[in-house]
Peer 1: 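Provided herewith is a single structure, encoded as structure tokens, for subsequent inquiry.
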Amino acid sequence: MTHNDIKLALSHEIDDKYQAFVSKGIPTARPILGVRVPTIREIASKVPPKDFTKILKVEPVSLEELLFRGMLIARMSYDEMLLYLDSQINLMDDWCSCDTFCASLKPLIKKHREEFFEQKINSFLKSKKTITVRAGMVFLLGSYVTEDYLAVIFDRIETLRDREAYYIKMAIAWLVAECFIKYPEETLSYLKVSKLPKWTFNKAISKICDSYRVEPDIKIYLKTLRKV
């Protein structure tokens, strides 16, 4: 299978109505064909491993080609994935390709949590590039919201609190909400001493309150903590 085969397969799955819909919510410089993510994943699952390298050498043009590339990388071994990880993140310029790629790597990262944290996440969170930082945050959200990493997550969030990029602020709010849902007491203690700016802090409260897994009386209390 070649990259041209992939482009042809994607072209057969274009949905014009879907393309019009997603184009409104994904701000990317890449053209959007209008192929649904499950369909892209299905096509990617059919590529034999022997063809991965030659396909990955071709730089993706459309958003769907970029998503496809990430799905191939996620099918690799851990060590092979590391060879392509940075190049994939450098190609991304939107939340969809970032979050989809990070989610695809979740099963692989969970088997190598400690080494991946040391090898990649720390450096991602220190990056000046918005999408790279967001990737680090989404990796934390997907594989590290556990008791042994909770304090580390709160520390890293505080180091990012002054970053103004929307993608980063939303990722922080999303991560705080997930921490609260799984560890409410510990996360509440963090929120009470957090120095997050008003917008990010209040967005985290809103995301917690949006969850069906949080009791109504707790939501009422949390809303009293909002910064004015």
Peer 1: Working to the nearest 0.5 angstrom, can you tell me the gap between Leu225 CG and Leu188 CG?
Peer 2: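 The distance works out to 6.5 Å.
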
Peer 1: So, taking the atom named CG in Leu66 and the one named CD in Gln88, what distance separates them when rounded to the nearest 0.5 Å?
Peer 2: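 So the gap between those two atoms works out to 4.5 Å.
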
Peer 1: Rounded to the nearest 0.5 Å, how far apart are CG of Leu222 and OG of Ser206?
Peer 2: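 That separation rounds to 10.0 Å.
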
Peer 1: So, are Arg213 and Glu178 salt-bridged, with charged N and O less than 4.0 Å apart?
Peer 2: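 A salt bridge is present here (some side-chain N lies under 4.0 Å from a carboxylate O).
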
Peer 1: May I ask you to test the Pro60-Leu91 pair for a side-chain heavy-atom distance under 4.5 Å?
Peer 2: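 Of all side-chain heavy-atom pairs linking Leu91 with Pro60, at least one is under 4.5 Å.
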
Peer 1: Would the distance check show the side chain of Thr224 and the main-chain N or O of Tyr221 forming a donor-acceptor pair, the cut-off being under 3.5 Å?
Peer 2: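 Between the backbone of Tyr221 and the side chain of Thr224 there is a qualifying donor-acceptor contact (under 3.5 Å).
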
Peer 1: Looking only at non-hydrogen atoms, find the nearest pair between Tyr167 and Arg134 and report the distance.
Peer 2: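 Between these two residues, the closest heavy atoms are O-NH1, 2.8 Å.
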
Peer 1: Could you tell me the separation between the CZ atom of Arg36 and the CD1 atom of Ile14, rounded to the nearest 0.5 Å?
Peer 2: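 If we round to the nearest 0.5 Å, Arg36:CZ and Ile14:CD1 are 13.0 Å apart.
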
Peer 1: Could you see if Ile43 belongs to whatever hydrophobic cluster contains Val61? Use Ile, Leu, Val, Met, Phe, Trp, Tyr and a side-chain cutoff under 4.5 Å.
Peer 2: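 Each belongs to a different hydrophobic cluster.
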
Peer 1: Of Lys54, Glu65, Lys57, Arg69, which meets side-chain hydrogen bond (donor to acceptor under 3.5 Å, both in side chains) against His3?
Peer 2: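 Running side-chain hydrogen bond (donor to acceptor under 3.5 Å, both in side chains) over Lys54, Glu65, Lys57, Arg69 with His3 returns exactly one hit, Glu65.
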
Peer 1: Would Leu33 and Leu10 count as a side-chain contact (heavy atoms from CB on, under 4.5 Å) here? Give the steps.
Peer 2: CA-CA 8 Å; Leu33 303 178; Leu10 290 171; 4.3 Å; yes

Peer 1: Looking at every non-hydrogen atom in both residues, tell me the closest pair between Ser211 and Lys219 and how far apart they are.
Peer 2: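 Where Ser211 meets Lys219 most closely, the heavy atoms are O-NZ, 2.8 Å.
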
Peer 1: Please test Phe117 against Tyr149 for ring-ring contact (aromatic ring centres under 6.0 Å, His included), starting from the C-alpha separation and ending with a verdict.
Peer 2: CA-CA 10 Å; Phe117 188 90; Tyr149 275 96; 5.4 Å; yes

Peer 1: Considering residues, nucleotides and ligands other than Lys7, do more than 12 of their heavy atoms fall under 6.0 Å from its NZ?
Peer 2: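 Open.
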
Peer 1: From Lys169 NZ over to Thr130 OG1, what is the distance, rounded to the nearest 0.5 angstrom?
Peer 2: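 Answer for the NZ-OG1 pair, Lys169 versus Thr130, is 11.0 Å.
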
Peer 1: Would you please say whether a donor-acceptor pair under 3.5 Å links the side chains of Glu185 and Ser189?
Peer 2: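 No.
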
Peer 1: Could you check whether any side-chain N or O of Arg75 sits under 3.5 Å from a backbone N or O of Val47, counting only pairs where one atom can act as donor and the other as acceptor?
Peer 2: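 It does hold such a pair.
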
Peer 1: Looking only at atom types and distance, does a side-chain atom of Asp155 sit under 3.5 Å from a main-chain N or O of Val152, one as donor and one as acceptor?
Peer 2: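 Absent.
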
Peer 1: Should the pair Phe101 and Phe139 be assigned to parallel (<30°), tilted (30 to 60°) or perpendicular (>60°) ring geometry?
Peer 2: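 Perpendicular.
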
Peer 1: Decide side-chain contact (heavy atoms from CB on, under 4.5 Å) for Cys96 and Thr28; before the verdict, give the C-alpha distance in whole Å, the side-chain angles of both, and the deciding distance to 0.1 Å.
Peer 2: CA-CA 9 Å; Cys96 177; Thr28 175; over 6 Å; no

Peer 1: Let me check something: do Leu160 and Tyr166 share a hydrophobic cluster, defined by ILVMFWY side-chain heavy atoms less than 4.5 Å apart, either directly or through other members?
Peer 2: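 Shared cluster, yes.
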
Peer 1: Search all heavy atoms of Lys120 against all heavy atoms of Ser123 and return the closest pair with its distance.
Peer 2: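 That closest heavy-atom pairing would be O-OG, 2.8 Å.
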
Peer 1: Between CZ of Arg156 and CG of Leu140, what distance do you get to the nearest 0.5 Å?
Peer 2: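 Result: 8.5 Å between the selected atoms.
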
Peer 1: Count I, L, V, M, F, W, Y as connected when their side-chain heavy atoms are under 4.5 Å apart, and connections chain through other members. Are Phe52 and Val58 then in the same cluster?
Peer 2: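 As far as the 4.5 Å side-chain criterion goes, Val58 and Phe52 are not connected within one cluster.
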
Peer 1: Would you indicate whether the side-chain heavy atoms of Phe180 and Ile218 approach each other to under 4.5 Å?
Peer 2: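 Heavy-atom side-chain distance check passes, below 4.5 Å.
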
Peer 1: Group every Ile, Leu, Val, Met, Phe, Trp and Tyr by side-chain heavy-atom contacts under 4.5 Å, then state whether Leu85 and Tyr78 land in the same group.
Peer 2: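 Both belong to a single hydrophobic cluster.
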
Peer 1: Does Leu196 offer a backbone N or O that forms a donor-acceptor pair with the side chain of Lys227 under 3.5 Å?
Peer 2: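 At least one qualifying donor-acceptor pair exists.
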
Peer 1: Any donor-acceptor pair under 3.5 Å linking the side chain of Gln19 with the backbone of Ile32?
Peer 2: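 Side chain of Gln19 to backbone of Ile32, a donor-acceptor pair under 3.5 Å: yes, one is there.
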
Peer 1: Checking the side chain of Asp94 only, and the main-chain atoms of Ile26 only, is there a donor and an acceptor separated by less than 3.5 Å?
Peer 2: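 Answer holds: no.
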
Peer 1: I need the minimum non-hydrogen distance between Arg163 and Ser127, along with the two atoms involved.
Peer 2: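 Here Arg163 and Ser127 meet closest at NH1-O, 3.0 Å.
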
Peer 1: Please determine whether side-chain contact (heavy atoms from CB on, under 4.5 Å) holds for the pair Asp99 and Trp174, giving the CA-CA distance in whole Å, both sets of side-chain angles, and the decisive distance to 0.1 Å.
Peer 2: CA-CA 12 Å; Asp99 297 2; Trp174 186 15; 3.7 Å; yes

Peer 1: Does the side chain of Asn90 pick up a donor-acceptor pair with the side chain of Ser87 at under 3.5 Å?
Peer 2: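 Checked: Asn90/Ser87 side chains show no N/O donor-acceptor pair below 3.5 Å.
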
Peer 1: Taking the side chain as every heavy atom from C-beta outward, state whether Tyr190 and Ile157 have any pair of such atoms under 4.5 Å apart.
Peer 2: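 Tyr190 vs Ile157: side chains touch.
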
Peer 1: Using modelled atom types only, decide if a donor and an acceptor are shared between the side chain of Ser97 and the backbone of Met92 within a distance under 3.5 Å.
Peer 2: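 It does not hold such a pair.
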
Peer 1: If we only count heavy atoms from C-beta on, is the Ile181 to Val214 side-chain gap below 4.5 Å?
Peer 2: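 Of all side-chain heavy-atom pairs linking Val214 with Ile181, at least one is under 4.5 Å.
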
Peer 1: Strictly by modelled atom types, are Thr100 and Arg41 linked by a side-chain donor-acceptor pair under 3.5 Å?
Peer 2: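 No, because no side-chain N or O of Thr100 sits under 3.5 Å from a partner of the opposite role on Arg41.
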
Peer 1: Any donor-acceptor pair under 3.5 Å linking the side chain of Glu158 with the backbone of Ser194?
Peer 2: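 No, Glu158 side chain to Ser194 backbone: no donor-acceptor pair under 3.5 Å.
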
Peer 1: May I ask you to check whether Thr146 and Arg113 show a side-chain donor-acceptor distance below 3.5 Å?
Peer 2: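 Arg113 and Thr146 do have a side-chain donor-acceptor pair below 3.5 Å.
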
Peer 1: What pair of heavy atoms forms the shortest contact from Tyr183 to Val145, and how long is it?
Peer 2: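 Closest pair (atom of Tyr183, atom of Val145, distance): CE1-O, 3.7 Å.
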
Peer 1: Please confirm whether the backbone N or O of Gly25 pairs with a side-chain atom of Trp95, one donor and one acceptor, at under 3.5 Å?
Peer 2: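 Yes, because the side chain of Trp95 sits within donor-acceptor range (under 3.5 Å) of the backbone of Gly25.
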
Peer 1: Show the nearest heavy-atom pair for residues Phe201 and Leu191, with the distance to one decimal.
Peer 2: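 For Phe201 versus Leu191, the nearest heavy atoms are CE1-O, 3.4 Å.
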
Peer 1: Look at the rings of Phe116 and Phe124 and say which category their plane angle falls in: under 30° parallel, 30 to 60° tilted, over 60° perpendicular.
Peer 2: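 Judged by the thresholds at 30° and 60°, the geometry between Phe116 and Phe124 is perpendicular.
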
Peer 1: Let me check something: do Leu83 and Met76 share a hydrophobic cluster, defined by ILVMFWY side-chain heavy atoms less than 4.5 Å apart, either directly or through other members?
Peer 2: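 Looking at the clustering, Met76 is in the same group as Leu83.
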
Peer 1: Strictly distance-based, threshold 3.5 Å: is any side-chain N or O of Glu80 a donor or acceptor partner for the main-chain N or O of Ser77?
Peer 2: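 Confirmed, Glu80 side chain pairs with Ser77 backbone.
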
